[in-house]
Amino acid sequence: MREPAGGRRAGVLIPLFSCPGTTSWGIGDIGDLAPAAAWLAAAGQRALQLLPINEMAPGQQSPYSAISAMAIDPLFINLLSVPEFPGEESLSNTDRALLTHVRQSRTVEYAPVRHLKRGALRVAFDRFVEAEWRRDTNRSRALKDFLAEQAWWIDDYALFRAIHAHEGERPWTEWPEPLQRRDTAALADARRELASEVLFYQYLQWLAHTQWRLARERVHGVALLGDLPFMVDHDSADVWARQDQFRLDASVGAPPDAFSATGQDWGMHVYRWDTLARDDFAWLRERARRSAELYDGFRIDHLVGFYRTYGRPRDGGEPFFTPADESDQLALGERVLAVFRESGTDVIAEDLGIVPDFIRASMSRLGMPGFCVLRWERLWHTEGQPFRDPSEYPVRSVAASGTHDTETMAVWWETATDRERRQVADLPTIRRVAGDVSEMTRGAYSPAVRDVLLEALLASGSELTLLPVQDICGWRDRINVPATVTDHNWTFRLPWPVDRLDEIPEARERQARLRAWSQKHGRI
């Protein structure tokens with residue numbers, strides 16, 4: 001049983017794709033949650049922060065480019081736990097060699113992993129249909145019960161996914177016109193003609209659901225924190241099913257900020273907030289409901305976008321904010337936050353980048369925890385822009401050394417100016433933790449410097465501390481470089497199998513340190 005939220009606690013950010021075990025297929029999967037949580041629990045960590053696990057659009061490897069806001073990516077299905085899968089020995093010689101390759105790779109190689117898993121899951125599905133579905137067994141009835149329970153999202157999703165595959169994975173905007181506009185007769189014909197494919201995608205989601213539910217019972221009391229993305233891909237089941245709720249002539253992004261001097265264009269459609277409001281934000285409420293089913297709490301990605309969305313017309317026109325007026329932005333943001341909180345689970349907000357003062361004030365008034373990232377927690381309006389002492393971080397906040405979008409703490413420290421390093425070294429919490437701060441001003445990122453910075457965050461005033469796993473170990477590998485699309489983004493893997501962490505001296509040492517710090521600073 002997971003501990004209730006509240007009180008001082010600590011956790012670690014590890015994307016699920018980053019922590020494969022010895023028998024995983026080149027990517028972390030649902031079966032790897034239990035060993036990851038076991039290591040965290042022994043380290044005194046009470047939360048595991050994940051990145052989105054939604055199904056990614058074909059050819060994508062960003063978890064923020066989802067083809068569905070509800071579906072779990074089949075990449076995360078653990079094949080060894082699928083009763084219908086006949087085993088690795090059923091693979092061809094070529095695929096067995098490919099499986100060996102992706103297991104040994106230093107990074108996640110999405111294309112071959114997707115090829116292998118899709119082929120294996122297709123074999124499993126065919127065996128399921130023959131042995132279970134056609135015979136109306138208990139197992140087939142369990143799938144039917146799942147489909148009835150999840151009909152509110154899976155009906156549209158599975159039909160969309162089947163048509164998408166039938167159309168050669170072309171975007172829905174390139175499908176035959178009746179399917180694009182969701183003509184009733186055309187949808188009925190597609191559902192009948194593609195019945196087997198529809199069932200295939202339903203079967204995959206049932207497998208993922210069953211495995212996820214079991215995994216949550218085996219996480220040693222560690223709370224699973226999810227991530228609710230601001231948007232889904234323009235080529236998604238959600239946009240297709242709710243076309244009137246999106247501006248298809250504009251794309252959403254972010255204005256110039258610390259991540260990008262020119263701003264960001266994410267290529268996803270802009271919300272029609274007036275239309276969503278007339279529907280009482282039903283889709284956002286459904287997304288929160290789904291997140292509450294999967295997680296013990298979730299992080300709202302790009303919180304500022306739910307107050308005011310930054311859009312760029314696709315014809316090259318001037319960027320804009322919607323809503324345009326501050327009073328409307330405030331009303332919208334607070335209404336959306338209320339919708340998310342109605343899910344009944346813990347909610348925290350990613351409030352980084354350019355966040356207007358009125359949004360900060362709104363968050364404070366609502367008691368919404370935001371992020372305090374050490375490198376950006378500064379007194380920006382004070383001469384010299386000194387860093388804020390971690391002891392002064394608000395109780396209702398999340399202290400962090402970085403996020404999935406930032407360079408690692410090691411790289412930040414090595415590229416900081418001498419003046420910035422001296423400012424950090426002069427912070428009262430740093431002096432209290434370090435004792436001797438002379439090494440903090442030498443420029444090198446040593447294990448001693450790493451540990452002082454980590455302990456200072458665990459000693460902070462924030463109720464929750466979330467540390468990226470790379471920063472805990474002092475690694476320089478980053479997860480993502482914002483405003484870029486490269487083969488390297490989202491491919492980070494732990495250097496050790498997650499089910500063998502107890503055999504790795506460095507992992508055991510980090511575990512012991514985390515537990516000691518968490519105990520010392522009242523987080524256990």
Side-chain angles (χ1 to χ4, degrees), residues 10-51 53 75-82 85 87-89 91 96-110 112-113 116-117 120 211-212 214-225 404 408 410 447 450-451 454 466-479 490-518:
V12 178
L13 165 62
I14 311 177
L16 182 55
F17 61 76
S18 296
C19 55
T22 50
T23 61
S24 304
W25 285 33
I27 190 170
D29 62 40
I30 299 171
D32 296 312
L33 285 171
W39 185 88
L40 291 172
Q45 305 303 287
R46 294 166 54 195
L48 169 58
Q49 173 72 65
L50 301 168
L51 296 187
I53 59 169
L75 277 176
F76 297 125
I77 293 174
N78 180 282
L79 280 161
L80 296 184
S81 300
V82 177
F85 178 55
E88 294 176 17
E89 61 276 9
L91 300 177
R96 280 203 296 273
L98 187 59
L99 178 57
T100 299
H101 168 77
V102 298
R103 278 177 169 162
Q104 295 175 346
S105 176
R106 291 187 63 252
T107 58
V108 179
E109 297 187 27
Y110 285 90
V113 170
L116 288 167
K117 286 209 164 185
Q211 291 187 8
W212 190 268
L214 183 60
R216 288 193 67 185
E217 297 173 358
R218 299 177 175 179
V219 290
H220 306 276
V222 173
L224 296 183
L225 303 182
H404 64 276
T408 60
R450 173 199 64 193
D451 286 358
L454 293 174
L466 289 175
L467 302 174
V469 68
Q470 304 100 302
D471 290 349
I472 289 170
C473 295
W475 299 327
R476 287 161 174 77
D477 310 83
R478 68 185 294 168
I479 294 172
W490 315 108
T491 64
F492 168 72
R493 275 180 58 170
L494 296 181
W496 320 298
V498 73
D499 53 344
R500 291 188 176 173
L501 292 178
D502 288 341
E503 303 171 18
I504 308 299
E506 182 180 345
R508 290 201 306 271
E509 185 275 335
R510 292 289 81 192
Q511 183 185 70
R513 278 298 185 100
L514 283 174
R515 185 170 189 85
W517 290 331
S518 297

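Keep in mind that what you see is a predicted model, and the values were worked out from it rather than measured.
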Chemist: Determine whether His404 and Trp490 make a side-chain contact, defined as any pair of heavy atoms from C-beta on separated by less than 4.5 Å.
Modeler: yes
Chemist: Measure from the side-chain N and O atoms of Arg46 to the backbone N and O of Ala223, and report whether any donor-acceptor pair falls under 3.5 Å.
Modeler: no
Chemist: Go through the steps to decide whether Leu116 and Leu98 satisfy the test side chain to side chain contact (heavy atoms under 4.5 Å, CB included), and finish with yes or no.
Modeler: CA-CA 8 Å; Leu116 288 167; Leu98 187 59; 3.9 Å; yes
Chemist: Does any non-hydrogen side-chain atom of Leu494 lie less than 4.5 Å from one of Val469?
Modeler: yes
Chemist: State, with a plain yes or no, whether a side-chain heavy atom of Arg513 is found less than 4.5 Å away from one of Glu509.
Modeler: yes
Chemist: Quick check for you: to the nearest 0.5 Å, what is the distance between Leu99 atom CG and Lys117 atom NZ?
Modeler: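 Interatomic distance, Leu99 CG to Lys117 NZ, rounded to 0.5 Å: 10.0 Å.
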Chemist: Tell me every residue that passes side-chain contact (heavy atoms from CB on, under 4.5 Å) with Ala38, counting only those two or more places apart in sequence or in another chain.
Modeler: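 Only His220 meet the side-chain contact (heavy atoms from CB on, under 4.5 Å) criterion with Ala38.
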Chemist: Which residues pass the ring pair (Phe, Tyr, Trp, His ring centres under 6.0 Å) test with Trp25, not counting sequence neighbours?
Modeler: Phe85
Chemist: Any idea which heavy atoms bring Glu506 and Trp475 closest together, and the distance?
Modeler: OE2-NE1, 3.8 Å
Chemist: Would you indicate whether the side-chain heavy atoms of Ile479 and Leu51 approach each other to under 4.5 Å?
Modeler: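 They are in contact (side-chain heavy atoms under 4.5 Å apart), so the answer is yes.
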Chemist: Kindly list each side-chain donor-acceptor pair under 3.5 angstrom involving residues 11-23, sequence neighbours excluded, with atom names and distances?
Modeler:
from	atom 1	to	atom 2	distance (Å)
Ser18	OG	Phe492	O	2.7
Thr22	OG1	Asp499	OD2	2.7

Chemist: For the residue pair Leu467 and Gln45, establish whether any side-chain heavy-atom pair is separated by less than 4.5 Å.
Modeler: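 No, every pair of side-chain atoms sits at 4.5 Å or beyond.
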Chemist: Nearest 0.5 Å, what's the CD1-CD1 distance between Ile30 and Ile53?
Modeler: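 Spacing of CD1 (Ile30) from CD1 (Ile53) equals 6.5 Å.
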Chemist: Is it the case that atom CZ in Arg500 sees more than 12 heavy atoms from other parts of the structure closer than 6.0 Å?
Modeler: no
Chemist: First locate atom CZ of Arg216, then atom CG of Leu224, and finally report the distance between them rounded to the nearest 0.5 Å.
Modeler: 6.0 Å
Chemist: Heavy atoms only: give me the nearest Gln511-Asp502 pair and the separation to one decimal.
Modeler: NE2-OD1, 3.9 Å
Chemist: Determine the minimum heavy-atom distance between Gln49 and Leu466, stating which atoms define it.
Modeler: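 Taking every non-hydrogen atom into account, OE1-CD1, 3.6 Å.
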Chemist: Please report the shortest heavy-atom distance between Ser518 and Ala43, naming the atom on each side.
Modeler: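 Shortest heavy-atom contact: OG-O, 4.3 Å.
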Chemist: Taking atom CG of Leu40 and atom CG of Leu514, what is their separation to the nearest 0.5 Å?
Modeler: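 CG of Leu514 is found 8.5 Å from CG of Leu40.
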Chemist: Quick one: list whatever passes side-chain contact (heavy atoms from CB on, under 4.5 Å) with Ala410, sequence neighbours left out.
Modeler: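 If we apply the side-chain contact (heavy atoms from CB on, under 4.5 Å) test to Ala410, skipping adjacent residues, the hits are Thr408, Tyr445, Arg476.
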Chemist: Could you pull out the closest heavy-atom pair between Arg96 and Glu89, with the gap in Å?
Modeler: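 So the minimum-distance heavy-atom pair works out to NH1-O, 3.3 Å.
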Chemist: Apply side-chain contact (heavy atoms from CB on, under 4.5 Å) to Asn78 and list each qualifying residue two or more places apart in sequence or on a separate chain.
Modeler: Asp29, Leu80, Ser81, Gln211
Chemist: Does the distance from a Lys or Arg side-chain N to an Asp or Glu carboxylate O, for Arg510 and Asp451, drop under 4.0 Å?
Modeler: yes
Chemist: Looking at every non-hydrogen atom in both residues, tell me the closest pair between Ala34 and Arg218 and how far apart they are.
Modeler: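 Looking at all heavy atoms of both residues, the closest pair is CB-O, 3.5 Å.
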Chemist: Test of understanding: with side-chain contact (heavy atoms from CB on, under 4.5 Å), list the residues that count as partners of Ser105, not counting sequence neighbours.
Modeler: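 Partners of Ser105 by the side-chain contact (heavy atoms from CB on, under 4.5 Å) criterion, ordered by chain and then number, come out as Thr107, Glu109, Arg493.
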